[in-house]
Visitor: 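First, the structure itself, so that you have it in front of you.
Both ligands and their constituent atoms are indexed starting at 1 by order of listing.
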Amino acid sequence: MVNLRDDFRLYKLAYQHDRIGKAFVDRQGRLSDANPALCGMLRLGPEELAGRTVPDLFPDLPWREPLEPLSAKCRYEPPAGEPRWLHVHLALLDDGEGDGGGSPAAGILQVEDLSAAVHLEEEIRRLKRDADTLSRAEHMLQSEKLAAAGQLAAGIAHEIRNPLTSLKGFLQLLKSGSSSAAKRDAYFTIMLEELGRIEQILGELLVLSRPSSVQYAKTRIAQLIRHVVLLLQPQAVMRGVEIAVRAISETAYIYCDENQIKQVLINIVKNGIEAMENGGTLSIEAAADQETAAIRIADQGIGIPPDKLDRLGSPFFTTKENGTGLGLTVCYRIMRNHGGRIEVESRQGEGTTFTLYLPVEGRPPDISRDDPA
Ligand SMILES: Nc1ncnc2c1ncn2[C@@H]1O[C@H](COP(=O)(O)OP(=O)(O)O)[C@@H](O)[C@H]1O
Ligand SMILES: [Mg+2]
């Protein structure tokens, strides 16, 4: 059994070693006998704390006189360092035997440091906000993608329905058997044209869907351009357009899928020829440094009005009676897959210049991460 003196010593030791900050408080709120834990939390030495009062240390607390028990969270500004969050608890020292036997201590203050928990809470709130923002962005992206897919589908349906309707009409006419041989011939010609149009639209859409096999190889730029010119020469001649190939180094090359880049060049050169209603010169030049190759195709055609410039490449945007509006969509898509880009400059009535930039050491795209939009 412990005697009274041992008892007192033990209590005192426990008080000194308590991890909860403790001090006695008199009726005016003055502190005495602060334990080391409290001094640590408040960043004040025992002498600095002696005589300080609860309302002066914790101005946020609802302090009342005469003394009342209290238990509240409050912010504390230490003399140096970050503000801290504390839980302050004040219990009255009233053992039911009068007013504390004339002792100056009327209450005991117990303080816990909540800063770590508050920081954690803040961190969790911040993370939650970030997560919310992210999921909203993802949601928007998803609905935007859906909208784009829906637009594309609507466009395809529209584009294909027209030739189909006319095919149906001609078939009905032919079935009725009332047309002359000459008329029948004319109908067949139109029907073949309409079928050709559907074929063309589907062919271009096929390129738009994921490229199934991309074959990257070292490809000489000059040779690429020669092929394209050879292919389009007849169309150019028919329209009175001269294709002028300038300044291309025979050794300049790019790593690319030759067929796809050819397709880009064909689409753009063809657009250039089609833009020159009264003939003119379409010039092609190329240059390459260690990293980037640039191929420039300049026509002397009708030009593109500034308000139409950013519609270039949108599926089905066309100003031509027989256009599909898919040519540039395919071009942009292929160029993006090659890590390249297209720049367009145009002056109405003077002409348009398309510049293709491609990385010399291109790499096949990571198809699994390819964006279908
Ligand atoms: N070189 C150019 N000069 C003037 N307009 C152009 C040129 N290239 C493209 N365009 C405009 O962009 C539109 C879309 O081109 P494209 O995607 O190739 O489809 P399409 O040729 O079937 O119309 C064209 O209809 C035309 O209005
Ligand atoms: Mg075109």
Visitor: So, Thr318 and the Mg ion (ligand 2): N/O/S under 2.8 Å, yes or no?
Guide: no

Visitor: Just let me know how Leu312 lines up against ligand 1, side chain, backbone, both or neither, with a heavy-atom cut-off below 4.0 Å.
Guide: side chain

Visitor: For residues Leu174 and Met191, determine if any side-chain heavy atom of one lies less than 4.5 Å from a side-chain heavy atom of the other.
Guide: yes

Visitor: More than 12 heavy atoms of other residues, nucleotides or ligands under 6.0 Å from CD of Glu199: is that the case?
Guide: no

Visitor: How many angstroms lie between atom NZ of Lys262 and atom SG of Cys256, to the nearest 0.5 angstrom?
Guide: 10.0 Å

Visitor: Under 3.5 Å, is there a donor-acceptor pair between the side chain of Tyr216 and the main chain of Arg363?
Guide: yes

Visitor: Judged on heavy-atom distance to atom 19 (O) of ligand 1, which of Gly325, Ala275, Gly351 sits nearest?
Guide: Gly325

Visitor: Is any side-chain heavy atom of Leu31 closer than 4.5 Å to one of Leu38?
Guide: yes

Visitor: Would Thr318 count as a polar contact of ligand 1, with the cut-off being nitrogen or oxygen pairs under 3.5 Å?
Guide: yes

Visitor: Hey, are Ser166 and Glu194 close enough side-chain-wise for a donor-acceptor pair under 3.5 Å?
Guide: yes

Visitor: Mark yes or no for whether Thr219, through its side chain, and Glu258, through its backbone, hold a donor-acceptor pair below 3.5 Å.
Guide: no

Visitor: For Phe317, does its backbone N or O pair with a side-chain atom of Ser314 as donor and acceptor, under 3.5 Å?
Guide: no

Visitor: Taking only heavy atoms of Thr324, which atoms of ligand 1 are found under 4.0 Å from at least one of them?
Guide: 22 (O)

Visitor: So does Gly327 get a backbone contact from the side chain of Asn267, meaning a donor-acceptor N/O pair under 3.5 Å?
Guide: yes

Visitor: Only heavy atoms of Phe354, strictly under 4.0 Å: list the atoms of ligand 1 that pass.
Guide: 1 (N), 8 (N)

Visitor: Among all protein heavy atoms, pick out the one at the shortest distance from atom 4 (C) of ligand 1; state its residue, atom name and that distance to 0.1 Å.
Guide: Ile304 CG1, 3.5 Å

Visitor: Tell me the protein heavy atom at minimum distance from atom 27 (O) of ligand 1, and give that distance in Å.
Guide: Thr319 OG1, 2.4 Å

Visitor: Among all protein heavy atoms, pick out the one at the shortest distance from atom 9 (C) of ligand 1; state its residue, atom name and that distance to 0.1 Å.
Guide: Asn271 ND2, 3.5 Å

Visitor: Using a 4.0 Å heavy-atom cut-off, say whether Ile268 meets ligand 1 through its side chain, its backbone, both or neither.
Guide: neither

Visitor: So, regarding Leu328 and ligand 1 (criterion: nitrogen or oxygen to nitrogen or oxygen, under 3.5 Å), is there a contact or not?
Guide: yes

Visitor: Give the residue and atom name of whichever protein heavy atom lies nearest to atom 21 (O) of ligand 1, and the separation in Å to one decimal.
Guide: Lys320 NZ, 2.8 Å

Visitor: Atom 14 (C) of ligand 1: which protein heavy atom is closest, and how many Å away?
Guide: Phe317 O, 3.1 Å

Visitor: Nearest protein heavy-atom contact for atom 1 (N) of ligand 1: which residue, which atom, what distance?
Guide: Asp299 OD2, 2.8 Å

